[in-house]
Amino acid sequence: MDNDGRRTYVPGDVERKWQERWEAEGTNAFTTDELRSPENPFYQLMMFPYPSAEGLHVGNIYAFTGADVHGRFHRLQGKTVFEPIGFDAFGIHSENFALKVGVHPMDLIPKNVANFTRQLRRIGGMFDWDHTVDTTDPAYYKWTQWVFVQLFRAGLAERRDGAVNWCPSCKTVLANEQVIAGLCERCDTPVEQRNLPQWYFRITDYAQRLLDNLETLDWSETTRKAQQNWIGRSEGGELRFPVLDAGGSDTEAQVHVFTTRPDTIFGATYMVLAPEHPLVDAVTTPDHRAEVEAYQAEMRKLDLVARQKTDKEKTGVFTGGFCRNPATGEPIQVWIADYVLMDYGTGAIMAVPGHDERDFEFATKFELPIVRVVAPEDADASTPLEEAYIGPGRLVNSGRFDDMDVEAGKSAIIAWLEDEGLGESRINYRLHDWCISRQRYWGPPIPVIYCDACGPVAVPEEDLPVVLPRVEDFKPDDSGVSPLARVAEWYETTCPECGEAARRETDVSDTFLDSSWYFLRYPNTDFDDKALDAGITGTWLPVDSYIGGNEHAVLHLMYSRFITMALKDLGHLDFEEPYKQFRAHGLIIREGAKMSKSKGNVIVPDPIIEEFGADTFRTYLMFLGPYEEGGDYQDEGIYGPFGFLKRVFDTAHQVVAAEAAGDAAADAAPDGDVERKLHQTIRQVSEQVPALGFNTSIAALMEYLNTVRAGGRSAVRAEVEPMIPMIAPFAPHLAEELWEALGHEASIFDGANWPEFDAAKAVENTVTVAVQVNGKVRGTIEVAAEADQERAEALARAEENVTRHLEGVTVRRVIYVPNRLLNFVVG
RNA sequence: GCCGGGAUGGCGGAAUCGGUAGACGCGGCGGACUCAAAAUCCGCUUCCUGCAAAGGAGUGAGGGUUCGAGUCCCUCUCCCGGCACCA
């Protein structure tokens, strides 16, 4: 109480009260029966956090609050909203931290999870704590392993030998998606190439489907484009160039190249193989062998960053070998060079220096022939090329294809090579298969047993989970195998097929496998005998709204699409896209940079919530800027939303106090202007919240409150009550408190309490119309809404300042936009 | 280099279909209440000229379309994100 006898807003008290009540009454939780037959299901998903030792950071809270606001809005509109949360607790991140502090992850993670749980409750998310997942719980990873087994049986998981990305610091292989510009995404160490047999998921089989479906998804543009770029489809041809023997005749061997410019084949004056290409040995002549092998050794030593630098001069050596250009019939030199990569296309190219910048640079440096085979329209084809010509044009120096347009040339030359048996059209993708093996400890063991007689065998489903044993010495090493390979009593087993002695796979799977299906599990956590209940899964999925960070655009969001498609093809799901709608939120910036420990600009949420309350912190975060673009965290800015919520509290209690005192005026009809503003606000907020326009919605609510309290006037119930549900998504505890104070017994979130918009009540009777003379505002007039031009013009001409500007000039034209402006065009 | 998103007061940011640029908030200035302070409340706050009335300029730069452009078109600069010797 303050000295007026009215209550003061103490956020901590209000929030504790409602968090306890939501918990006790199960306000946000679903029973299995409710999950089975919801009235109007809406699945609101957010990206489950990795439970770090530091606790929730502002970025987490920003992400969760945005999703929670959206979920709560839909609930207030009468939907049955399922909004689960969980913990992505396996992985290198936790393991490295455990190593650093010398605590076993099995002891560390539960503490972090407990702390995160406390913090997540404190921020007031509408989480269903009865349906959480923890990826490190055997009851969860049993089914992660089950997913692997399904893919293995379908031939979508396979063990392959080949070049892999090896992080020398994390001491494990990484998927392509986890290598950012040649660096490990976890620790920024330059990644090396190693040859190791690994488990792969054949995501490339799904490349075209992953690409095509993007068109149909309601996703943030930036995320869709990131996936498109990552899949990287290019159309072209795979062409074959016969390798020549010392006498210049064709041998059996052929170099396969992928090109997007088959039309330029007559200009292919040399070939380049990647240094690691398997044919290098065969084409190298004895007199070039020493040089070639030295070059290969040099390339092997380089990490990915050094190798893929594009600003350095290209290097390479001649192998001494030749191929025949099937178009010209001429022998052309075969080189190896750093600018051709083994893991794209076929690892070999036909070099067309006349029409490819890289080939031009290389040919110039090593004095290799440059031939023009494309000429732009109206250009002299005999002009020597001073740089590679990439543009459109017609073919020249191309035999019977001369004068053909390049586009027509592409198909004509492919068709001809196909007849010759030397090529065909081909589509190539940048996307690589997903390497899921990790030579680490903290993950679900890959459920495979190696038997000398039967080969790799999947662990039978009834034997799942393959439990990760507690191992004290879990430090990774450079051996290329997991620490589990040190635990003989664990990996020694018998073959499930023949019963002979056999050995378990000792690698664990990628953390991204854990998160590739967690959203499928949430509504199914009540079942321990199956991963997915068909009825419940069909009811709740695909996810209605997914909100999260764009840093997972090509990681989690690509993998989970693939796993969903695969599970659909295997009959476990009846949909193939997991998320109907995905929105990427922006980043919070403070002092000009992303918050990071090294920059020292991190905001620790706990003390702020302590001082201002979760409601204020939530509202402030949502008010910072457009949610999809992020915002600039200014420490002083929190006072705006704090003052707003205090005023809301005060205004509602003013009404309650007036009613209690028997003041009939408190129940009076709303003021006309206020009611109009109310309905305009309802319209605006109802449109903007589902579009994630949180900052403008809060601004509209502030504006409304300013109208209600204008000049210090007293509010009436009809003006205040409809505002409460509109602030509820942002400030749920305060909304509950005030809803109760206004006499409602049930939770504001139980029931469709969103206020109804009445268009008739939002209409303005009079409007301000700007009066312009030649496009410059010279005054304003007040007219009835939809007033006709005659009336408006008369009023405008009566306006003193307007009259002055119309003196002595001729009005040539009058433009009238009802309710907006009147423009006199004079000359 | 290619793809996507941006650039608006001292600051964060608004502006529906091309129609009064700067809503809302922070900060600042002034005032009320107070012995005083905090809290709260009220008013002002794009820049320039002006006592005022008013006038001029103004949404990264330059051009264009239009009665009218932050918004549409062309050219350019810079910033953020994705991809990148990708053949």
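Please read these numbers as outputs of a predicted model, since none were measured by experiment.
Nucleotides B/G70 and B/G58 place their P atoms 10 Å apart, quoted to the nearest Å. For the C1' atoms, the distance from B/C41 to B/C78 is 45 Å, rounded to whole Å. B/G5 sits 45 Å from B/A53 when the P atoms are compared, rounded to a whole Å. The separation of B/C11 from B/G27, taken at their P atoms, amounts to 15 Å, rounded to a whole angstrom. Taking the C1' atoms as reference points, B/A21 lies 14 Å from B/C47, given to the whole Å. One P atom belongs to B/C17, the other to B/C72, and the distance between them is 11 Å to the nearest Å.
By the rule that a glycosidic angle within 90° of 0 means syn, B/C17 counts as syn.
Aromatic ring centres of A/F644 and A/F623: separated by at least 6.0 Å.
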Name the atoms and distances for all side-chain donor-acceptor pairs under 3.5 Å in residues 626-637 of chain A, with sequence neighbours left out.
unit_1	atom_1	unit_2	atom_2	d
A/Y627	OH	A/Y62	O	3.0
A/Y627	OH	A/A63	O	3.1
A/D635	OD1	A/R590	NE	2.9
A/D635	OD1	A/R590	NH2	3.4
A/D635	OD2	A/R590	NH2	2.8

Side-chain atoms of residues 805-815 of chain A: list all donor-acceptor pairs with protein atoms under 3.5 Å, sequence neighbours left out, distances to 0.1 Å.
unit_1	atom_1	unit_2	atom_2	d
A/H805	ND1	A/N801	O	3.0
A/H805	NE2	A/R778	NE	3.4

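Note on A/T260: every side-chain N or O is 4.0 Å or more away from OP1 and OP2 of B/C86. Remark: A/N706 is not in phosphate contact with B/A23, judged by side-chain N or O atoms under 4.0 Å from OP1 or OP2. Residue A/Y344 places at least one side-chain N or O closer than 4.0 Å to OP1 or OP2 of B/A87. Applying the 4.0 Å criterion to OP1 and OP2 of B/G55, one finds that A/R778 has a side-chain N or O inside that range. Residue A/K776 places at least one side-chain N or O under 4.0 Å from the OP1 or OP2 atom of B/A57. Remark: A/R430 is in phosphate contact with B/A84, judged by side-chain N or O atoms under 4.0 Å from OP1 or OP2. For A/N695, no side-chain nitrogen or oxygen approaches OP1 or OP2 of B/G25 to under 4.0 Å.
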Which nucleotides of RNA chain B pair, in dot-bracket form (Watson-Crick or G-U under 3.5 Å, | meaning another strand): (((((((..(((......[....)))((((((.......))))))((((....))))..(((((..]....))))))))))))....

Would you tabulate the nitrogen or oxygen pairs shorter than 3.5 Å linking the protein to nucleotides 39-42 of chain B?
unit_1	atom_1	unit_2	atom_2	d
B/U40	OP1	A/K646	NZ	3.3

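Taking the six-membered ring where tryptophan is involved, the planes of A/F757 and A/H679 are tilted, since the angle between them lies from 30° to 60°.
Rounding to whole angstrom units, CG of residue A/L214 and P of B/G82 are separated by 18 Å.
For B/C83, its base never sits under 3.5 Å from the side chain of A/N229 at any donor and acceptor pair. Counting atom types as modelled, A/N428 pairs no side-chain N or O with a base atom of B/C86 as donor and acceptor under 3.5 Å.
In summary, A/K410 and A/E407 engage in a salt bridge, as defined by a charged side-chain N under 4.0 Å from a carboxylate O.
Residues of residues 797-811 of chain A having a heavy atom closer than 4.0 Å to RNA chain B, listed by number: A/N801, A/R804, A/H805.
Residue A/M702 has its side chain nearest to B/G25 when only B/C3, B/G25, B/U20 are considered.
Taking the salt bridge (charged side-chain N to carboxylate O under 4.0 Å, His left out) definition, one finds that A/R713 meets it with A/E719, sequence neighbours left out.
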